[in-house]
Structures are given as C-alpha cells and as structure tokens.
Participant: 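Starting off with a structure, shown below.
Just so you know, these numbers come straight off a predicted model, no measurement behind them. So you know, we letter chains A, B, ... as the sequences are listed, proteins then strands, and number each from 1.
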Amino acid sequence: MRNVLIPALRDALVGLGVDPPVEIQIEQPAHREHGDFSSNVALVCAKSAGRNPRDLATQLAEALEQSPPPFVIAVEVAGPGFVNFRLDPAWLHQVVGAVVDAGDDYGRSAEGAGRKVLVEYVSANPTGPVHAGHARGAVYGDSLARILRFTGHDVSEEFYVNDRGVQMQVFAASLAARKAGEEPPEEGYRGAYITEWASEMPDGEDPLIWGEARALLDQREVLGDLGVAFDDWFSERRMVNSGAIDATLADLRDRDMAFDDDGAVWLRSTRFGDDKDRVLVKSDGEYTYLLPDIAYHRDKFDRGFDLLINVWGADHHGYVARMRAAIQALGHDPEAFEVVITQLVRLERDGVEVKISKRSGDLITMRDLLDEVGADAVRLTYLLQSVDSPQTVDLDLVVAQSNENPVFYVQMANARIHSIDRVAAERGLVRSPLDQVDLSVLTHDRELEVLRQLHALPDVVLLAWRERAPHKVTTWVRDLAGAVHGFYHDCPVLHPDTPDDLRQARWWLAESAGIGLRVGLGLVGASAPESM
RNA sequence: GCCCUCGUAGCUCAGUUGGAUAGAGCAGCGGACUUCUAAUCCGCCGGUCGCAGGUUCGAAUCCUGCCGAGGGCGCCA
C-alpha cells in the first residue's frame with residue numbers, strides 16, 4: 001500500500017510546485033478515526049515550501065481526491081496538517097490470498113541475502129550445568145537467528161566453549177577431590193552436581209577431559225529441550241592447540257598493535273578508544289582471557305562472516321570496548337562486530353527474589369526452570385520484553401494455569417482455529433477453493449482487525465531484524481492472538497445462522513490467521529499445538 | 001569517580017526511531033455462553049511518561065544537568 005501512496009503523494013507535491021522530500025513517510029495511525037494510513041509530508045515540507053502546513057495539506061488532499069489511488073475512498077486533513085487516507089476495506093481482503101499463498105513463508109524476505117552472519121550466544125563455561133540466568137541469552141540468540149534466516153541471511157550459531165585455563169583446572173581438581181572422597185580445594189566448585197558427576201566418573205579418566213564432556217552433554221541436552229541448537233560448539237582448547245594464538249599475536253605485532261612492556265605483551269587498544277591498553281600475555285607467560293577471544297574472532301572473520309553478533313550478559317559489557325578495539329587492531333570494520341547486552345532477569349517466587357548464586361551450589365539451573373515453567377512459557381515470557389530492560393519474572397505467576405502466562409493466550413487462539421477445522425470435518429462441511437470465495441463479505445471490524453494484524457507481519461519481521469529485537473515478533477503474535485479471540489467470539493464460522501458465503505470467507509480468514517500464528521510462534525521458537 | 005542499560009497506570013511491560021486523545025496484560029469493580037474451546041470476550045476504574053531546562057510546527061522518544069535502580073571499570077574469567 002505504501003508503494004501506491006508514496007508515489008501518489010510525490011506526484012501531488014510536484015503538481016503543487018513543491019520539492020518532495022527524499023523520503024516520504026507513511027504510517028498507520030494509532031487511532032482508527034485517523035484513517036487507515038497517514039502522512040506527515042505537509043508538515044515536513046511546510047517550511048521549505050514557505051507555506052502553511054494545513055493549507056499545503058488541504059491542497060494535497062484536493063489533488064489526491066481528483067484522481068484517487070486504488071482503494072482510496074477519502075483523503076482528509078486533520079490536526080496540524082496530517083493527510084489521512086481512508087481505504088475501502090477491500091484492500092485488506094487481498095491479505096488473505098497473500099498469506100495463504102505464502103503459507104509458512106508469509107513474511108519471509110530476502111533483505112539479508114548474501115550476508116553471512118554468525119550469532120554467538122550462551123557460551124557458558126563447561127564447568128557445570130547452565131543456570132537460569134543463561135536462559136534469556138539463549139532464547140534471545142536462538143530467536144534472533146530464526147529471524148535472521150527468515151530475512152534471508154546465511155546464519156550460523158555458535159557456543160564458545162571456554163575449556164581451557166584456570167577455571168577448568170579448578171573444576172577438574174574439584175571433581176577429582178570428590179571422587180577421592182575429599183573436600184574440593186579452597187576456591188573450588190562445591191555444587192551438588194560435582195559430587196554426583198564424580199560418582200559417575202570411571203576410574204582412570206582425566207577429570208578435565210571427562211568433566212568437560214559431562215558438562216557439555218548436560219548443557220547440550222538442556223538447551224536442546226529449550227529448543228536451542230548450535231551449529232558448532234567452538235572449543236577454545238582445540239583452537240589454542242592449533243596455533244591460532246601465535247598466529248594472532250604475530251598478526252597484531254605486524255600491525256604494530258601489540259607491544260612488550262613490563263615483562264608482558266600488550267594490546268594497543270587505546271588507539272581505538274579503549275580506556276587503557278590491555279594485557280595479552282602475562283609476565284608469567286600465561287595468556288589472559290582476552291587473547292584467545294581475539295584469536296576466536298579473528299577465526300570468525302577468516303571463515304568469511306560479514307557480521308558477527310555476540311550476545312553477552314550485562315556483567316560483560318565492560319568487555320565490549322576492548323574487544324571492538326581488538327577487531328579494529330586486526331584491520332576489520334568495527335561495524336561488523338556487534339554486541340547485544342542482555343540485562344539481568346530477576347526471578348521471584350511469590351514476590352520474593354530467588355537468588356541465582358554461582359559457586360555456593362544452591363543455584364537454579366536451567367533444568368529447574370524448564371521443569372517448573374516449560375519451554376514454551378520460558379520462551380514467550382522472556383521474549384515478550386526487550387533485552388535492554390531488566391526483567392522481573394515471578395515463577396509462581398508464569399507456571400501453567402496462570403493468566404500471566406502468555407503461552408495459553410496465544411496457543412489457545414491457534415487451538416480454536418484448528419477446532420473449527422475439526423468440527424467442520426465432523427459435520428462434513430467442505431471449504432471451497434479460495435479463488436471461488438467472495439471475501440468482500442468480510443466487513444465486521446473483528447474480521448478487519450485480524451487482517452490488519454496479518455498485514456503488519458512482514459514489516460514487523462524486518463523491524464525485528466533491523467533492531468535485533470525478537471520481542472517485536474512476540475508482541476505482534478500476542479496482538480494477533482487478541483484479534484483472533486475477538487473474531488472467534490463475535491464471528492462464528494460454522495454456526496447455522498452464518499450464511500454460506502460468509503462462512504466460506506470467514507473460514508479462509510481463520511486459515512490465514514492460523515498461518516500467521518504459526519509463523520510468529522515459529523520465529524520465537526514456541527510450539528503451536530492444534531488442541532489444548 | 002568514569003562507562004553501559006534502565007526509570008511509563010497499584011504490579012509486569014509495550015510504545016511503529018519526533019506525530020494527533022500515551023497503550024496492553026495482571027490486580028480491582030460490573031457484564032456476556034441454547035453458537036466452532038468462557039484458558040475467551042465487552043465495559044468501568046486507573047498517568048506530573050523520575051525531576052528541571054533546552055531543541056521545534058510537535059518530545060515518553062533527541063540534547064544538557066540533577067535524582068534513583070541494576071551492571072561494569074584487574075597481568076581474574
């Protein structure tokens with residue numbers, strides 16, 4: 001519709017002797033009384049044209065009413081100078097065909113065609129189970145990847161396995177101690193899982209190797225149950241053993257971005273806006289955590305990715321500047337490296353905070369969260385909000401049966417649509433082919449509202465990608481569900497009083513709504529059961 | 001002290017990148033099933049968009065300064 005209205009406005013402006021702006025904005029007003037579409041061109045152009053915005057808008061409206069674009073039945077001026085378009089409801093009827101023809105591809109685009117993107121997320125240490133705090137980044141990263149694919153990007157998802165360094169040594173020592181029936185070392189891991197895993201560990205196994213495998217098995221399984229799967233679990237140890245560290249250091253030295261001082265090797269990160277230069281190799285010869293990380297990102301670029309998106313928890317944001325500096329030090333475009341910081345989730349039970357403490361052992365694991373809340377509810381609840389905002393989740397309210405739980409609302413809308421098909425089949429009713437159905441009988445506001453929502457999906461998906469904001473899809477699918485419930489309530493399909501032609505039209509409307517719900521739920525990674 | 005994110009209805013959160021009368025859900029009150037799932041729908045109640053300036057036709061949104069919350073500022077990861 002924009003593609004029709006924008007040229008019409010441009011022509012009208014030219015006809016009035018006004019230079020059209022580079023970009024003419026068309027929006028859908030929040031209030032229905034303001035029409036189906038609206039433009040602020042008159043306000044934008046008023047100054048440069050040296051005219052009163054309302055007068056300009058009035059002249060535009062008159063010109064457009066002379067030869068109205070398709071579907072436009074009225075052009076009105078309102079407020080300080082908005083040009084509002086009122087459309088024949090028929091413009092929405094074509095949405096049904098668009099949705100049905102595209103099916104599960106409705107809303108898919110090729111915007112990102114040819115771009116290779118790597119999304120790295122979760123990347124928890126392989127020293128224990130993933131905990132509840134990892135869930136937000138997990139569902140965010142996964143959903144973002146789904147949206148990237150849906151917008152045509154070539155996407156890979158990776159989990160960086162920090163399987164080297166001090167933490168791993170401590171983890172292995174803790175496992176070995178428990179196996180020997182002793183207490184873990186002073187700074188060791190004391191969680192109950194250590195004791196449990198130690199009892200599983202066969203004699204003669206290297207606790208580091210075995211322990212890592214055990215942790216990864218556990219993490220992979222839980223994340224899988226959450227619906228999250230990675231293309232690769234990238235091992236730091238394997239990378240270091242391959243000589244990537246030396247190659248990275250040599251590369252940095254060649255570029256004069258690394259230097260020796262005080263017995264250590266430093267990254268010249270201040271050259272790219274970092275607060276201070278950072279140590280890469282400590283004076284005792286050990287690498288800092290930074291150096292392997294740089295090597296990892298160098299490897300990502302070597303593999304031909306055009307865009308690297310990293311999803312990190314809020315506690316790592318201080319790390320962004322130095323990593324971006326390192327990217328630039330390697331000669332890469334800093335724009336090709338993005339970090340999405342997810343703010344913390346505060347878990348409550350009956351209004352009281354539940355602590356996710358790390359080493360003490362009494363932590364809420366992702367498994368606990370999944371068992372209590374369920375994967376679909378975790379995903380929808382977490383993805384309903386922007387990751388920029390700290391989030392509070394009350395576990396008691398999100399568990400099944402509660403109205404706080406968005407899962408039921410959305411999934412029930414889908415189930416209701418499928419119940420129409422089921423009951424229709426029982427009664428032996430048959431749906432006519434779409435091209436033989438007259439959709440013009442769809443005039444009820446409930447019907448039109450469903451179509452308006454469906455119409456919005458392609459824009460919503462693009463926005464979700466451009467803003468790295470999966471929650472836009474979640475709020476959309478919830479709104480669509482709301483429209484579906486209203487339609488279901490007020491517009492019976494199979495009721496004997498519903499005329500045949502209206503039944504057929506509504507049936508196809510329901511079909512397209514079901515497709516929309518399925519697509520939306522699919523993008524956030526939640527299931528769309530046909531009955532509840 | 002410096003940096004990041006945030007502050008919107010009693011609670012949890014949206015807000016189409018600067019648009020018109022700031023929206024949902026929950027909680028509260030009152031209604032709606034002889035109809036395809038009432039886990040639904042409708043109505044009412046509820047606001048100094050943290051505070052103060054500024055930018056302009058127009059600000060929850062942008063700029064500055066305060067106030068407040070969370071997180072971060074290691075030769076730790």
Participant: Applying salt bridge (Lys or Arg N to Asp or Glu O under 4.0 Å) as the test, list every pair that has at least one member in residues 259-273 of chain A; sequence neighbours left out.
Facilitator: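 Residue pairs passing salt bridge (Lys or Arg N to Asp or Glu O under 4.0 Å), neighbours aside: A:R253-A:D260, A:D256-A:R268.
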Participant: So if I define the base as every atom that isn't primed, P, OP1 or OP2, how would nucleotides 71-77 of chain B read as a B/S/- string at a heavy-atom cutoff under 4.0 Å?
Facilitator: BS-SBSB
Participant: Do the ring planes of A:H316 and A:W312 sit parallel (below 30°), tilted (30 to 60°) or perpendicular (above 60°)?
Facilitator: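 Tilted: the ring planes of A:H316 and A:W312 meet at 30° to 60°.
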Participant: Tell me whether the OP1 or OP2 atom of B:C13 has a side-chain N or O from A:T392 closer than 4.0 Å.
Facilitator: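 For B:C13, OP1 or OP2 has a side-chain N or O of A:T392 closer than 4.0 Å.
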Participant: Which one is paired to B:A60, where only Watson-Crick or G-U wobble pairs with both distances under 3.5 angstrom count?
Facilitator: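 Partner of B:A60: none found under 3.5 Å.
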Participant: Would you mind checking if A:D445 and A:R452 are paired as a salt bridge, meaning a charged N to carboxylate O distance below 4.0 Å?
Facilitator: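 Salt bridge flag = yes for A:D445 with A:R452.
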Participant: Between A:N310 and A:Y160, is there a side-chain donor-acceptor contact under 3.5 Å, judged purely by atom types and distance?
Facilitator: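 Short answer, no.
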Participant: Would one find a side-chain N or O of A:S386 under 4.0 angstrom from OP1 or OP2 of B:G15?
Facilitator: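 Looking at the OP1 and OP2 atoms of B:G15, neither is under 4.0 Å from any side-chain N or O of A:S386.
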Participant: Is A:V423 touching bases, backbone alone, or none of the nucleic acid, heavy atoms closer than 4.0 Å?
Facilitator: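 A:V423: backbone/sugar contact only, no base atoms under 4.0 Å.
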Participant: Considering only the P atoms, how many Å lie between B:C49 and B:C36, rounded to the nearest integer?
Facilitator: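 That atom pair is separated by 47 Å.
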Participant: Give a yes/no verdict on base stacking between B:A20 and A:H34: centres under 5.5 Å, planes within less than 30° of parallel.
Facilitator: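 Yes; by the centre-distance and plane-angle rule, A:H34 counts as stacking on B:A20.
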Participant: Identify, with sequence neighbours excluded, every residue that meets ring-ring contact (aromatic ring centres under 6.0 Å, His included) alongside A:H485.
Facilitator: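 Checked A:H485 against ring-ring contact (aromatic ring centres under 6.0 Å, His included); matches are A:Y409.
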Participant: Could you tell me whether the phosphate oxygens of B:C42, OP1 or OP2, come under 4.0 Å of any side-chain nitrogen or oxygen in A:R446?
Facilitator: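 For B:C42, OP1 or OP2 has a side-chain N or O of A:R446 closer than 4.0 Å.
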Participant: Would you measure the distance from the P atom in B:U5 across to the matching atom in B:A24 and give it in whole Å?
Facilitator: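 After rounding to an integer number of Å, I get 30 Å for this pair.
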Participant: Work out how far the C1' atom of B:U21 is from that of B:G47, and round it to whole angstrom.
Facilitator: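 Their C1' atoms lie roughly 13 Å apart.
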Participant: With respect to the phosphate group of B:A38, does any side-chain polar atom (N or O) of A:R416 fall under 4.0 Å of OP1 or OP2?
Facilitator: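 Yes, because at least one side-chain N or O of A:R416 sits under 4.0 Å from OP1 or OP2 of B:A38.
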Participant: Does A:W465 have A:R468 sitting over its ring (NZ/CZ under 6.0 Å from centre, angle to axis within 45°)?
Facilitator: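 Yes.
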